There are 2 protein chains.
Amino acid sequence: MKLCFAKPLALMAKKEVKAIDSSTEERIKLAAHKLFAQKGYAGTKTRDIASEAGINLALLNYYFRSKEKLFELIMREHIQQFFQGMFQVLNDENTSIQQKIETLVSRYVDTLMLKPDIPIFVLSELRNSPMNLAENIQKNMQIKNSYFMKQIKEGISNGTIDNIHPVQLMSNLISLTVFPFIANPILKTIHGIDQEQFNTFMLERKKLIPLWIAEIIKPKTTINK
Amino acid sequence: MKLCFAKPLALMAKKEVKAIDSSTEERIKLAAHKLFAQKGYAGTKTRDIASEAGINLALLNYYFRSKEKLFELIMREHIQQFFQGMFQVLNDENTSIQQKIETLVSRYVDTLMLKPDIPIFVLSELRNSPMNLAENIQKNMQIKNSYFMKQIKEGISNGTIDNIHPVQLMSNLISLTVFPFIANPILKTIHGIDQEQFNTFMLERKKLIPLWIAEIIKPKTTINK
DNA sequence: GCAAACTTTAATCATTTGTTTAAATCTTTT
DNA sequence: AAAAGATTTAAACAAATGATTAAAGTTTGC
């Protein structure tokens, strides 16, 4: 086992932020983003990242110390992004429950149509990684205490929505939206459709999911009471 | 690149099938099952499989030729099992739509509580693997033409269920059931619950999902018509 | 323009990893 | 029990892979 310090990492505090998008560091990150999402951590080789980024292999270690460090960085960004997006929507005090649901579904469908590999990548790596996610998530964990959750609970006691555990509701929302992207290959094979038809299918869902959720949380008029 | 034939593979036609469960071949397959599901193809090392199975490394190649062959074998088994289970339920001509839904959800929840890694493993590997799944799935693809699908279409034209594309309905069913297992780590972190509470949560869902689906497909009485 | 700092390169190292080989052990058949 | 065949073992190989080094190139600050 070797130790590897002393070698100064590229100093982050650049005087001028020169063309960030095409800086070497950024190119490596982009390439890593793409390949990690596509093939997972173990399936991605440092040489693949280097050649995808069009850089020398050594630069990866120069900028990010190690494959693992680079991976964690990227993983954090993904998780951050996911929760940030959700957080913004769920904590808007000026929108109704139904509006929040519509926005959430709409956003995620749009995002995932562009980057369909993200959810399976994140969730797949999450299951083993001893990575301290708690740390990263806890900050954004205010979803449990979000304004949306308050609205739900209020709606339940008002009787304007059916009695449903908020966690169940959230799970339904995310499941219905995200899972089809994860099961994409199977869905396409089972139903004999191509990518374009799949996208149409998801756009249709964008409209339907909020309606379905509305049905689910609509108060049931029980006869025998 | 080397060629590797000539060496005779263990002959399959044994005179006597001696204690299959503890045969070396089966032990390897079990270990591979476990590790592949846990860490994926690239993340699983042949040496890990060997030590998990308590066998000499060379035996893996003796019985299965290569890591890849072993992987494909196991992958096929998983897919086979998934579709077989679904097929049985969906093609039972003696059960109602609602009964099929209940059985399906109930089965998958029970199965996945025991082997929660399977879906993410299969779906994760499926996205890149050039493996010819079509071949494997096509046989079981009769889901599209299953009795369940007939019942749905019939229900729609009868007006006993709401007009919904059967693919959307199936997607909802699988999404609501399977996705929480895939998102398990995030769900637990977000809501601050442990594995036991998660299982309770899923058992609750087992009862709820059929009710939700029922709401979704219930005919809507449109006023302005 | 020059020195210092930063960035990039090619080559190399040390492990890891999938696979093979040849010999040893065990089992079955004769 | 000996021969033939099946199974298992230890050792080794070759390629892949993450990381490092030392030197060359480039930019920056003065």
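Residue numbers begin at 1 in each chain, while the letters A, B, ... track the order of the sequences. Source: prediction; values computed, not measured.
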Working note: B:N184 + A:R127, criterion side chain to side chain contact (heavy atoms under 4.5 Å, CB included); need CA distance, chi angles, decisive distance, verdict.
CA-CA 8 Å; B:N184 174 307; A:R127 78 194 139 155; over 6 Å; no
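- The nearest whole Å value for the distance from the OH atom in A:Y62 to the P atom in D:dG25 is 17 Å.
- Counting to the nearest Å, the P atom of C:dG18 and the NZ atom of B:K69 are 15 Å from each other.
- Protein atom NZ of A:K67 is 12 Å distant from nucleotide atom C1' of D:dA16, rounded to whole Å.
- Contacts of B:H78 classified as ring-ring contact (aromatic ring centres under 6.0 Å, His included), with partners at least two apart in sequence or in another chain: B:H33, B:F121.
- Side-chain N or O atoms of A:N91 include one that pairs as donor or acceptor with a backbone N or O of A:Y147 at under 3.5 Å.
- Here D:dG18 presents its P atom at 14 Å from CD1 of A:I28, a figure rounded to the nearest Å.
- Computed from coordinates, the B:L59 CG to C:dT20 C1' distance equals 13 Å when rounded to whole Å.
- Side-chain nitrogen and oxygen atoms of A:Y63 include at least one within less than 4.0 Å of the OP1 or OP2 phosphate oxygen of C:dT8.
- For B:S66, the side-chain atoms get nearest to C:dT19 when compared with the rest of D:dT8, C:dT9, C:dT19.
- Between A:L70 atom CG and D:dA19 atom P there is a gap of 10 Å when expressed in whole angstrom units.
- B:L112 contributes atom CG, which lies 8.5 Å from atom OG1 of B:T177 (distance to the nearest 0.5 angstrom).
- The cationic atom of A:K67 (NZ for Lys, CZ for Arg) does not lie both less than 6.0 Å from the six-membered ring centre of A:F36 and within 45° of the ring axis.
- Listed in residue order, the members of residues 34-57 of chain A having a heavy atom less than 4.0 Å from DNA chain C are A:N56.
- Taking 4.5 Å as the limit, every side-chain heavy atom of A:I186 sits out of range of all side-chain heavy atoms of B:I174.
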Verdict with reasoning, B:D110 to B:K206, per side chain to side chain contact (heavy atoms under 4.5 Å, CB included):
CA-CA 9 Å; B:D110 290 344; B:K206 203 157 93 172; 2.7 Å; yes
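- Separating the CZ atom of B:F64 from the P atom of C:dT20 is a distance of 15 Å, rounded to the nearest angstrom.
- Of the side-chain N and O atoms in A:T24, one or more sit less than 4.0 angstrom from OP1 or OP2 of C:dT8.
- Straight-line distance from the CG atom of A:N61 to the C1' atom of C:dA14: 14 Å, rounded to whole Å.
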